[in-house]
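First the structure, in the form of structure tokens, and then the observations on it.
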Amino acid sequence: MRPSPSEEVYSVRFSQDSSAFCCALASGVRQYNLEPLAELAAHGPLRFGSIGVCEMLDRSNLLAVVGGGATPRFADNTVLIHDAALDQFVLELTFSAPVLAVRMRRDRLIVALRRQVHVFTFPSPCECLFTVETADNPLGLCEVSPLSTSDHHLLCFPARKTGALQLIDLSATEAQVSCAPVTINAHQGHLAALAINQQGSLVATASRKGTLIRVWDVAQRCLVAELRRGSDTAVLHCIAFSGDSTYLCCSSDKGTIHVFAVRDPALNRRSALSRVGLRGRYLESQWALATCTVPAERPCACAFGAAGTVYAVCLDGTFHKYVFTADGSCNREAYDVYLDVCGKNDF
């Protein structure tokens, strides 16, 4: 999720297991635990300046940051790795263009630029394995299967062809040499959001139109589900799988979070007209089993917690927690909780 430069919170990222999250701020970086909601660490502006991009590595002491916003101390084309145990920056990588996204695993570091994706061994030694040229990727879309024990060590990002998704198996790569990429023609329009499940077996995609989310089987390279967010165009800010891949959620500029069933698609709603025998792609669409309303229609990052729990962290600094059931009910448990992003508020 990318913010506008005028907002206090510039970006939000959940940890790989969705047990914590970090916020890139005009005042540095804040890291939070989710259950219970509590601040884990605060890195202020004197050392960090304003930060545009941040990424946690699980619950470890390593944090990746990229300068951005109003008062940066670091260039926007440089990735810095901060080690909280040593309380210092331990790695610095500089690129030829601004860094739009950083993804970390315990064995890989991935950096997305507007027209390139760089893959490094990580953490030590940190050496470039390969660089892939991409189509114009202004959102820095790039995702990697988070676990080294995943079924597939998968990296995905927009391919050169409009609407296409490129997949690379990181387990089959060597220094300076990448394996043959796989391309999936996911959408007709430009991609707007991506997600990979914990197991590295499923990928979800959405285009800038924002009406459909498609779920793809990595091994078979085939479409397994087409999920309809709505019929009108929307900007999707985030897509996320639950830890066991049972559900998928998405957030949009419509002020809603939609929850879909992936493992048991019969739980998803269908058009009433399809039940009386009318057919057609739209009528047979799978609609969300549950819809949660975010009061402030602001960009939000979303993620699943424990069974039946969805979190949303918005760029206005608010935190929301929802509980949903398989029959479609959705209730908000945390109401407009403001994060202490400026060091002024309490939870």
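Predicted, not measured: the structure shown is a model, and the values here were computed from it.
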Contacts under 3.5 angstrom, residues 186-195 side chains, donor-acceptor by atom type, not counting sequence neighbours:
from, atom 1, to, atom 2, distance (Å)
H187, ND1, R214, NH1, 3.3
H187, NE2, T205, O, 3.4
H187, NE2, T205, OG1, 2.8

If I compare all heavy atoms of [X] with all of [Y], which pair ends up nearest, and what's the gap?
{"X": "C22", "Y": "C54", "answer": "SG-SG, 3.2 Å"}
{"X": "H118", "Y": "T131", "answer": "ND1-OG1, 2.8 Å"}
{"X": "V262", "Y": "S245", "answer": "CB-O, 3.6 Å"}
{"X": "A326", "Y": "L289", "answer": "O-CD1, 4.1 Å"}
{"X": "R332", "Y": "Y322", "answer": "CD-CE2, 3.5 Å"}
{"X": "W216", "Y": "N185", "answer": "CH2-O, 3.9 Å"}

Exercise. Which of parallel (below 30°), tilted (30 to 60°) and perpendicular (above 60°) describes F319 and F21?
Worked result: parallel
Any link between [X] and [Y] through a network of hydrophobic side chains (Ile, Leu, Val, Met, Phe, Trp, Tyr) touching at under 4.5 Å?
{"X": "V182", "Y": "L165", "answer": "yes"}
{"X": "V310", "Y": "V323", "answer": "no"}
{"X": "V119", "Y": "V132", "answer": "yes"}
{"X": "F241", "Y": "F260", "answer": "yes"}
{"X": "V215", "Y": "W287", "answer": "no"}

Please examine the side chains of [Y] and [X], heavy atoms only from C-beta on, and report whether any two atoms are closer than 4.5 Å.
{"X": "I213", "Y": "C250", "value": "yes"}
{"X": "D136", "Y": "R115", "value": "yes"}
{"X": "L100", "Y": "V53", "value": "no"}
{"X": "L63", "Y": "L57", "value": "no"}

Looking at [atom1] of [X] and [atom2] of [Y], how far apart are the two atoms once the value is rounded to the nearest 0.5 Å?
{"X": "D58", "Y": "R106", "atom1": "CG", "atom2": "CZ", "value": "4.5 Å"}
{"X": "L93", "Y": "C128", "atom1": "CG", "atom2": "SG", "value": "9.0 Å"}
{"X": "S11", "Y": "L315", "atom1": "OG", "atom2": "CG", "value": "8.0 Å"}
{"X": "E333", "Y": "H320", "atom1": "CD", "atom2": "NE2", "value": "14.0 Å"}
{"X": "I257", "Y": "C238", "atom1": "CD1", "atom2": "SG", "value": "8.5 Å"}
{"X": "H237", "Y": "R298", "atom1": "NE2", "atom2": "CZ", "value": "9.5 Å"}

Regarding [X] and [Y], do their side chains bring together a donor and an acceptor under 3.5 Å, going by distance alone?
{"X": "R229", "Y": "S252", "answer": "no"}
{"X": "H153", "Y": "R105", "answer": "yes"}
{"X": "Q116", "Y": "E133", "answer": "yes"}
{"X": "T325", "Y": "D327", "answer": "yes"}

Judged by atom type as modelled, is there a donor-acceptor pair below 3.5 Å linking the side chain of [X] to the main-chain atoms of [Y]?
{"X": "E39", "Y": "N33", "value": "no"}
{"X": "D83", "Y": "Q88", "value": "no"}
{"X": "N268", "Y": "A261", "value": "yes"}
{"X": "Q16", "Y": "M104", "value": "yes"}
{"X": "R13", "Y": "M56", "value": "no"}
{"X": "T121", "Y": "E127", "value": "yes"}
{"X": "S50", "Y": "G68", "value": "yes"}
{"X": "R73", "Y": "L46", "value": "yes"}

Problem set entry | Among L167, L202, V203, the one residue meeting side-chain contact (heavy atoms from CB on, under 4.5 Å) with I196 | V203
For this session: Would you mind telling me which of L154, D107, V144, L129 makes a side-chain contact (heavy atoms from CB on, under 4.5 Å) with L170?
Result: V144
Exercise. If you measure from the SG of C300 to the SG of C314, is it under 2.5 Å?
Worked result: yes
Problem set entry | Verdict with reasoning, Y311 to Y32, per ring pair (Phe, Tyr, Trp, His ring centres under 6.0 Å) | CA-CA 13 Å; Y311 305 109; Y32 297 91; over 10 Å; no
For this session: Give the C-alpha distance, both sets of side-chain angles, the deciding distance and a yes or no for ring pair (Phe, Tyr, Trp, His ring centres under 6.0 Å) between F48 and F89.
Result: CA-CA 10 Å; F48 276 60; F89 293 102; 5.1 Å; yes
For this session: Please report the C-alpha distance between Q31 and H43 in whole Å, then the side-chain angles of each, then the deciding distance to 0.1 Å, and finally whether the side-chain contact (heavy atoms from CB on, under 4.5 Å) criterion is met.
Result: CA-CA 9 Å; Q31 295 172 260; H43 308 283; 3.1 Å; yes
Exercise. Which pairs count as salt bridge (Lys or Arg N to Asp or Glu O under 4.0 Å) when at least one residue sits in residues 243-266, sequence neighbours excluded?
Worked result: D232-K254
Exercise. Given C142 and I110, is the side-chain contact (heavy atoms from CB on, under 4.5 Å) satisfied, shown in steps?
Worked result: CA-CA 8 Å; C142 177; I110 296 96; 3.4 Å; yes
Exercise. Going through the distances and angles, do C23 and V12 end up as a side-chain contact (heavy atoms from CB on, under 4.5 Å)?
Worked result: CA-CA 5 Å; C23 299; V12 175; 4.2 Å; yes
